[in-house]
Amino acid sequence: MKKYLNLQDIRNDIDNGILNCVDLVNGYIANIKESDNLNIFLEVFEDSALRKAKEVDEKIKQGTAGKLAGMVISIKDNICYKGHKVTASSKILEGFESLYSSTVVDKILKEDGIIIGRTNCDEFAMGSSNENSFYGNVKNPLDEDLTPGGSSGGAASSVAANLCLLALGSDTGGSIRQPASFTGTIGLKPTYGMVSRHGLIAYASSFDQIGPIANSIEDINLILNVISGKDEYDSTLSKFSEYDYLELVNDVPRMKIAFLDCYLNHSGINPEVKAKTEEVIASLKSMGHKVEMVDFDLLDQLVPTYYVITTAEASSNLARYDGIHFGYRSKNAFDLESTYLKSRSEGFGPEVKRRIMLGTYVLSAGYYDAYFTKAQKVRRLVRKRTKEILKEYDFIISPTTPHPAFELGSQNQDPIKMYLEDIFTVQANLAGNPAISLPIGKTKAGLPFGIQLMADDFKEKSLLDFSHNLINNFALKKA
Amino acid sequence: MGVDKSTVDRIAHLAKLEFSDSEKEGILKDMNKMLDFVEQLNEVDTEGVEPLIYMVQEEGDLREDVVKLEISQEEALKNAPDKDTDFIKVPKVLKK
C-alpha cells in the first residue's frame, strides 16, 4: 500500500475506485505486523476497525459518510474506547476494559473515523522517552537505537511509520510535541478547555489536553473540528471551545512574531537546532513578517513549577488505583491496608511512584504553602507574562526540543535531566495556550526536529493557517 | 528543607506505597534532588500574587442534575479483581 500523507489523497483514491476502507485498514494492519519489533501498538483493534471500515465503505457508496470517512486513527493507551482494553501502559490496569468511550472517540466514530488500535506510551503519560512503559519501550521508526520521545511516543511513531493516518495523544508538559519533534511529524496541543478530557485517564487535570499528531495541517485542522467543543461530561471546557473551521487559508497576513532570547541561547541547545531556528526566523522576516526578540525571565522556573503542580495533581488522581474496584490486586495482600499498599507498590512503576511521592510531599501539612501554593503563584506569573507577550505578538517561535531524538537508555538515570527535556514545551501547559510542533528541522545526520509555534488561547485557526503556510514554504524551498 | 528517612516513611504511608530499604535509599536521593531543583521557585517574588487554580476563567456552565443509570451492576463488577455475583470482594477488614 502506498503511503498516504493526508485524508484528501485517500478520499481521491476511494473516489477513483482504486481504494476502499477495508483494504486501507488491512494495509495498515499489515504494516503494523511488519514493524512489530518497534513496539508501537499495545493492541490492534482488528475486529472493530474492520467492521467500521465495512460500514464506512457502505456509507460512502450511499453518500452518507461523515467528515472523517477514510481516516484511520490510533489512540494513545490512556484514551478510553468502550469494550476495548486501556491500561495507561501500566501494570496496575493490565486487562482493564473500558465501560464507556471518551468523548473524543465518540465524536470520531460519529464522523466515521476508524480507530485501529491503542499505542504504547510512558506509564500514566509520565515520561519523555517512552521508556517508562510497563510493556517495554518504543523504538523510533527513523532509527531503532533512538527514543521516539514521550509520553506519546507510540502515537507519534504510529504516524511516522505509516501505521495509520493520524494519532491522538495527550500533552501535559510536551507529550505530543516532543515526540512529534523526534519523529518528523506535526503535533498540536490545543488550548486548555478546547477538547473534552472525558475518558482520558487523568495525570494532571489542570494541564492534560488531548491532541492530534499527523503528517498534514489539513488533517490536524479537520480532526480539531471534530473533537473540539462543549461536552456535558467536562465542566472545564470553554465557551470558545467550538472549532468551526474546515478550510485553511493559503495567504496569511503579515504577522508579529516573538522569539525568546533565553530559549534560543539556552546552554543545552544543540547548535544545529539553534542555527535552523535562526534560519526560520530570517526567512520569516524575508517573507515580510515582523520577528522580534523578547525577554522572558521565568525560564528557570518553568520546569520546577510544572513538577510541583503536576506531581501534586497526579498523587491525587492516582489515589483511585487501590486494588479494590478494578485493576491489579496483589496476591500478597492479607488485609485491607496491605491490599492498598501491595497492590499500588507492585502495580505502579518507579517513575510513577517517584512522582506520587513528590506530589504527596508537596501537598502534606507544613509543606503545602512552601511548595504547592508557591508553584501556583509562579504559574500565575508565567501565564500573565505569556499572555502579555501574546497580546503584542501573534506567535512565539522556538525550537520544540533542545535537540533531536536521543539514544535509548542515555537519559533515564537522572530524573532531572529527563525532566529538562520539556524545557521549551511546558510553558504552553502552564499558561494553557495552544502550541504546535512543525517538522521543518533536520540535522546533517538526517534526524528531524521540530520548530514550535505558540499562540494565544483559542487562536488555533490562525496558528494552523500560519503553520500550513510555513510548512509549504519550507517544502517549496527544499524542492 | 531536606528530606530524611522518617519523612520518606511518613509520605509513603500517606501515599499508600511501600518500599524496600534499598528502594528507600533511591527515593530519598531522588526526592532531595527534586526538592533542590524546585528551590528555584524561591527566586521569584510572589508577594501579593494569587495562586492560579482554575485554568478556565469563565463562569461555570452548569447543567441540570439528572439521575441517569450509566453503568449497570454487572458492568461495574466486570473489572473487579475479586467478586461474587453481586459484590466486589475484599480481604477481611476486622481482625477476630
Side-chain angles (χ1 to χ4, degrees), chain A residues 95-97 99-100 192-193 206 230 232 235-239 298 300-301 303-305 307-308 315 319 322-329 333-336 338-342 344-345 348 353-354 356-358 360-361 364 367 370-371 373-381 383 415-416 419 432, chain B residues 1 3 7-8 10-20 23 26-27 30-31 33-63 70-72 75-82 88-95:
Chain A
F96 178 85
E97 190 180 304
L99 301 178
Y100 60 89
Y192 185 86
S206 75
K230 296 293 274 184
E232 64 172 29
S235 64
T236 59
L237 286 170
S238 160
K239 59 178 179 236
L298 292 164
D300 289 340
Q301 279 70 38
V303 178
T305 307
Y307 272 91
V308 170
S315 75
D322 57 4
I324 303 289
H325 303 85
F326 55 84
Y328 175 79
R329 183 184 292 181
F334 48 87
D335 62 4
L336 197 58
S338 66
T339 301
Y340 297 145
L341 286 172
K342 294 191 185 302
R344 287 168 62 78
S345 301
F348 290 133
K353 285 191 262 193
R354 191 182 284 141
I356 291 175
M357 287 293 285
L358 185 70
T360 306
Y361 180 79
S364 66
Y367 302 101
Y371 290 107
T373 308
K374 177 78 186 182
Q376 288 181 314
K377 289 178 178 176
V378 178
R379 187 180 192 183
R380 182 175 295 281
L381 295 177
R383 182 158 80 167
I416 292 179
Y419 298 166
Chain B
M1 280 180 274
V3 170
T7 316
V8 172
R10 188 171 59 85
I11 298 300
H13 172 73
L14 289 172
K16 292 277 181 273
L17 291 171
E18 61 181 12
F19 299 101
S20 68
E23 283 176 321
I27 290 278
D30 288 343
M31 280 182 79
K33 240 187 192 173
M34 287 193 282
L35 290 171
D36 279 348
F37 177 61
V38 304
E39 254 340 285
Q40 292 173 91
L41 292 177
N42 291 323
E43 289 165 18
V44 182
D45 180 8
T46 52
E47 189 64 40
V49 177
E50 278 296 304
L52 179 58
I53 299 170
Y54 301 109
M55 291 309 289
V56 176
Q57 303 289 301
E58 299 157 27
E59 286 284 306
D61 185 8
L62 301 177
R63 64 173 155 82
E70 303 210 357
I71 286 172
S72 67
E75 286 175 314
L77 286 170
K78 195 171 183 175
N79 285 302
D82 193 11
I88 292 169
K89 288 166 84 173
V90 292
K92 263 197 184 349
V93 178
L94 297 173
K95 284 185 188 114

Pair Y307(A)-M34(B), side-chain contact (heavy atoms from CB on, under 4.5 Å): steps then yes or no: CA-CA 9 Å; Y307(A) 272 91; M34(B) 287 193 282; 5.5 Å; no
Option that, when pairs with chain B are counted at under 4.5 Å, heavy atom only, ranks first among D335(A), L99(A), V378(A): L99(A)
P51(B) versus Q376(A), closest heavy-atom pair with distance: CB-CB, 3.6 Å
Partner residues of K89(B) under the salt bridge (charged side-chain N to carboxylate O under 4.0 Å, His left out) criterion, sequence neighbours left out: none
F334(A) portion near chain B, given a 4.5 angstrom heavy-atom threshold: backbone
Residue among L41(B), T7(B), V38(B) with most heavy-atom pairs under 4.5 Å to chain A: L41(B)
Winner by heavy-atom pair count (cut-off under 4.5 Å) against chain B, out of Y100(A), Y419(A), Y340(A): Y340(A)
Max heavy-atom pair count under 4.5 Å with chain B, selected residue of I356(A), L358(A), I416(A), V308(A): I416(A)
Partners meeting side chain to side chain donor-acceptor pair (under 3.5 Å) with E70(B) (sequence neighbours left out): Y233(A)
Side chain, backbone, both or neither of I88(B) within contact of chain A (heavy atoms, under 4.5 Å): side chain
For chain A, the option from N42(B), V56(B), V49(B) that forms the most heavy-atom pairs under 4.5 Å: V49(B)
Contact winner vs chain A - V44(B), D82(B), L52(B), heavy-atom pairs under 4.5 Å: L52(B)
Residue among M357(A), K230(A), R379(A) with most heavy-atom pairs under 4.5 Å to chain B: M357(A)
Worked check of side-chain contact (heavy atoms from CB on, under 4.5 Å) between T46(B) and K374(A): CA-CA 8 Å; T46(B) 52; K374(A) 177 78 186 182; 3.0 Å; yes
N/O donor-acceptor pair under 3.5 Å between R344(A) side chain and K16(B) backbone: yes
Over all atoms of both residues, closest heavy-atom pair of G323(A) and P81(B): O-CG, 3.6 Å
Heavy-atom contact with chain A under 4.5 Å, split by part of I27(B): side chain
Non-hydrogen atoms of A15(B) and T360(A) that approach each other most closely: CB-OG1, 3.5 Å
Choice from E50(B), K78(B), E75(B) maximising heavy atom contacts with chain A below 4.5 Å: E50(B)
Residue selection (most heavy-atom pairs with chain A, distance under 4.5 Å) from D30(B), L14(B), V8(B): D30(B)
Audit row: R10(B), V3(B), side-chain contact (heavy atoms from CB on, under 4.5 Å) steps and yes/no: CA-CA 11 Å; R10(B) 188 171 59 85; V3(B) 170; over 6 Å; no
Choice from G432(A), S206(A), S315(A), S235(A) maximising heavy atom contacts with chain B below 4.5 Å: S206(A)
Most chain A-contacting option - heavy-atom pairs closer than 4.5 Å, from Q40(B), R63(B), K33(B), M55(B): M55(B)
